Amino acid sequence: MSDLTEAQRPSGRVLPHELPAELRDAGLVNWIREPLDDAVDRRRRIIFPPAAAVMGTSANGYQGALLAETRHPDTIFMMGDNPALPTMPERPALKDFFELRFSKIARSHLLQSARVATANGLGEKVVMACLLHDIAIAGLLSANHGYWGAQMVAPYVDEEIAWAIEKHEALRYFPDESVGYTYPDAYIDYFGPDYRPPEYIRQEHEAARRHRWYMTSRLVTINDIYSFDRDAVVDFDDFEDVVGRNFRQPKEGLGFDGSPVAHMWRTMIWPNNFL
Ligand SMILES: [Fe+2]
Ligand SMILES: [Fe+2]
């Protein structure tokens, strides 16, 4: 933002109630946390929405107004712990992200998927891949979630598990009748009956089918489709042993081990940091 010229910089005198109606009505206030009794210093904290979340929406036009807000002495950008989120332990483990960061529906989907895989008598690599397969949707980004998710966990799991997570994204779109996998009904609702995956996804699917680990990823997709029961109760501790054997938790905590993906875990610890 520092490359804005003086003339382009937003006015420092815009107060929330003076904002243009279209910005106010579109929900600019959603990004501003007024001080509550538990606030340490009584200052307002602004969450600067990530580009990936607002590009292509009216919220993308908030940037100037939000920058202007911080010119008030009682207003700063959110950095560090957001009081609206549970505090994470100093050395967070995988379980802490499931319990303190992921939404109920995302956590439940991952746990149910792993439970169905266990009930189907599948091996621990498949169970672990199911437990992690949508971790990027749960905590980081939905677009390209298989790839983000695979990268996030790659330093801590067997290569085959990370591969299966990456490829499940493409395999989900393509039936494999030899193992009873059909195109998900949910995708007809999500994307419409006329949706066709783009060429790069088609190519990924073709290449994955020829790979020696194809069935590991295919099994992730098979155990994916039965895992949206909203009433199901599954406990992360049910998988404590599987996680213990298949996920190398760094002793410094996820986010602080200096691995090439530590920043992804830190982004989930402090998702509202401006920088
Ligand atoms: Fe997925
Ligand atoms: Fe899934």
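Keep in mind the model is a prediction, meaning the values are calculated, not measured. Whatever order the structure lists them in is the order used to number ligands and atoms, beginning at 1. Starting from 1, each residue takes its place in the sequence as its number.
- Remark: the His205 side chain and the Arg209 side chain contain an N/O donor-acceptor pair separated by less than 3.5 Å.
- Contact annotation: His168 places no N, O or S atom under 2.8 Å from the Fe ion (ligand 2).
- Side-chain atoms of Leu254 and Phe247, non-hydrogen and from C-beta on, do get closer than 4.5 Å to each other.
- Within His145, the N, O or S atom at minimum distance from the Fe ion (ligand 1) carries the name NE2.
- Side-chain N/O atoms of Arg115 and Thr118 include no donor and acceptor closer than 3.5 Å.
- Closest approach between the Fe ion (ligand 2) and any N/O/S atom of Asp224 involves OD1.
- Using the six-membered ring where Trp is involved, Tyr195 and Phe191 have ring planes that are tilted, between 30° and 60° apart.
- If you look at His133 and ask which of its N, O or S atoms sits nearest the Fe ion (ligand 2), the answer is NE2.
- Of all N/O/S atoms in Asp134, OD1 sits nearest the Fe ion (ligand 1).
- The side chain to side chain donor-acceptor pair (under 3.5 Å) with His133 is formed by just one residue from the set Arg172, His109, His168, Glu166; it is His109.
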